[in-house]
Protein chains: 2
Amino acid sequence: MPHVNSHLVKKLNTFVQLSERELGCLAELQSSSLRVKRGMDLVYEGQTGHMAYILQAGWACSFKLLPDGGRQIIAFPVPGDCIGLRSVLLRTSDHSFSALTDVVVSGVEASRMISIFDEFPRLGTAILWAASRDEAMIVEHLVSIGRRTAIERTAYFFLELYERLRLVGLATDKEFDCPFNQYVLADALGLSAIHVNRVLRRLRELKLMTLKKGKVIIYDAAALKRLSGFQDEQITP
Amino acid sequence: MPHVNSHLVKKLNTFVQLSERELGCLAELQSSSLRVKRGMDLVYEGQTGHMAYILQAGWACSFKLLPDGGRQIIAFPVPGDCIGLRSVLLRTSDHSFSALTDVVVSGVEASRMISIFDEFPRLGTAILWAASRDEAMIVEHLVSIGRRTAIERTAYFFLELYERLRLVGLATDKEFDCPFNQYVLADALGLSAIHVNRVLRRLRELKLMTLKKGKVIIYDAAALKRLSGFQDEQITP
DNA sequence: CGACGCTTTGACACAACTCAACAACCGTGG
DNA sequence: CCACGGTTGTTGAGTTGTGTCAAAGCGTCG
């Protein structure tokens with residue numbers, strides 16, 4: 001992959017115009033590449049190895065496990081997103097990351113990550129901006145689970161994913177790949193897998209969207225937005 | 001208030017030993033003080049005034065409103081916590097802050113906030129560390145709402161508050177102030193106010209804890225932890 | 001072909017919500 | 001001082017959304 005055009009560069013460039021030197025730094029950060037097989041954990045809760053990763057390709061999720069064996073998925077990073085940034089400062093990871101498909105990541109030493117804030121303050125700010133966006137998405141997820149019904153929350157979830165993927169050019173007009181099974185969706189949406197199935201059937205019957213064989217097709221984005229209370233946000237860089 | 005001993009200083013000092021100059025900077029940040037009446041909004045969603053606040057005294061909450069009038073409370077900052085830090089970078093606030101009691105805050109210009117990362121990198125890192133902790137709490141809140149029952153989640157909520165307040169010296173052995181009514185708790189826990197009432201009754205009947213007249217009394221912390229799956233975290237600075 | 005992972009469906013149980021009413025507790029003003 | 005309205009807390013009855021259990025259908029892959 002030509003890393004000067006990586007997803008990460010594309011993302012950060014929307015925040016500040018990056019200089020040659022800053023681009024060089026990003027290229028260096030992404031110089032290593034590590035393959036992770038589907039189902040493997042990149043980071044596990046409580047781990048203290050001081051490493052962050054940049055997702056280059058594939059699908060992953062961050063989650064926490066409960067004592068009773070339950071799982072809550074926090075977020076699904078897309079290519080260009082940072083994984084485990086928070087644990088760089090907390091020193092011990094507070095949640096786990098797992099690869100949902102085969103995945104390619106670039107590892108970044110925690111110390112290197114911190115030194116960037118000294119060496120390339122503008123780049124550091126851009127990274128913080130991206131982290132702030134990620135946090136805002138987690139907050140929105142919290143709102144969904146706390147105050148939206150199963151169908152609203154599901155519709156909202158897919159709309160958000162749709163927007164995110166379009167921004168990095170991974171969704172066409174009405175369609176995108178989404179290799180999540182209903183158990184994964186359930187753990188993300190705070191529902192049971194069986195109820196996810198019922199909700200998806202409902203959305204299909206209403207002719208709003210379908211999820212089939214790892215592909216989402218949006219039939220009626222406007223109606224989905226009405227249903228879920230989704231509003232296009234003004235992303236002001 | 002002697003700001004060299006502010007809650008903020010106490011908190012950040014647990015992460016790095018602060019120098020004289022850094023303490024001076026924190027004192028400067030907290031030099032202004034603004035009173036906000038109970039029920040007033042400090043920040044509202046969509047606002048673009050580039051200001052962050054440091055909570056000095058009183059209780060507040062951050063929340064998002066839904067189109068249907070519902071509300072989801074994200075977090076309850078305690079004295080020493082930053083308010084609206086994220087909106088400094090996103091430029092437009094993605095959620096609102098409201099004062100639950102009369103409140104005292106110190107305002108910090110966004111530009112000043114950003115300049116700290118240049119001038120006092122260690123202090124900047126400490127602030128990021130605190131922000132990471134806040135984010136970890138939001139994640140835990142998400143897990144609670146997504147995967148814990150009403151009573152587990154309520155127990156967890158009060159245990160976490162208990163720990164946080166003890167860290168800044170605002171809780172005695174078994175007791176602490178908590179001026180939340182059941183509507184506020186409901187919006188935080190993703191429940192209806194009536195159900196909160198029933199859950200609190202249950203916790204009272206089980207002789208685990210009570211909430212009465214703005215005061216929480218913990219009768220059996222161990223049993224609460226067992227019930228909610230709460231585990232004392234190793235906060236490794 | 002069988003085994004496995006995933007989806008789909010139905011019947012039933014239960015957690016949490018809604019509505020409605022009432023009780024307790026304020027602070028305020030007559 | 002008491003009467004008052006407003007806010008908050010409490011309780012019951014009935015409804016609904018979502019979870020649980022069980023079983024069958026489908027594809028894919030070895």
Distance test, side-chain N/O of B:R204 to OP1/OP2 of D:dT10, below 4.0 Å: yes
Pairwise side-chain contact, B:L161 with B:L165, heavy-atom cut-off 4.5 Å (strictly under): yes
Atom-pair distance (CD1 on A:I145; C1' on C:dA16), nearest Å: 17 Å
Between D:dT18 (P) and A:R202 (CZ): distance, integer Å: 12 Å
First of A:I194 and A:R147 reached from the 5' end of DNA chain C, by closest nucleotide: A:I194
Below 4.0 Å: OP1/OP2 of C:dC26 and any side-chain N or O of B:K213: yes
Reported CZ-to-CD1 distance for the pair A:F97 and A:I83, which is rounded to 0.5 angstrom: 5.5 Å
Sugar-phosphate, base or nothing in reach of B:G190, heavy atoms under 4.0 Å: sugar-phosphate
Short side-chain N/O contact to C:dT7 OP1/OP2 from A:N197, under 4.0 Å: no
Separation of D:dG19 P from A:D68 CG (nearest whole Å): 14 Å
Rounded distance (Å) that lies between atom P of D:dG19 and atom CZ of A:R153: 8 Å
Cation-pi geometry met for A:R153 and A:F157 (6.0 Å, 45°): no
Rounded distance (Å) that lies between atom P of D:dT10 and atom CG of B:L185: 12 Å
Phosphate contact (D:dT18 OP1 or OP2) by A:R198 side-chain N/O below 4.0 Å: no
B:Y156 six-ring face occupied by B:R148 cation (under 6.0 Å, within 45°): yes
Interatomic distance where CG belongs to B:N181 and C1' belongs to C:dC26 [whole Å]: 14 Å
Whole angstrom value for the distance that separates P of D:dT16 from NE2 of B:H195: 18 Å
Distance flag, aromatic centroids of B:F158 and B:F176, threshold under 6.0 Å: no
Sugar-phosphate only, base, or nothing, as touched by A:Y183 at under 4.0 Å among non-hydrogen atoms: base
C:dT7 OP1/OP2 closer than 4.0 Å to side-chain N/O of A:K212: no
Proximal nucleotide (of D:dG12, C:dC6, C:dA16) relative to the B:R201 side chain: D:dG12
Nucleotide D:dT7, atom P - distance to CD of B:Q182 in whole Å: 16 Å
Sugar-phosphate only, base, or nothing, as touched by B:L200 at under 4.0 Å among non-hydrogen atoms: nothing
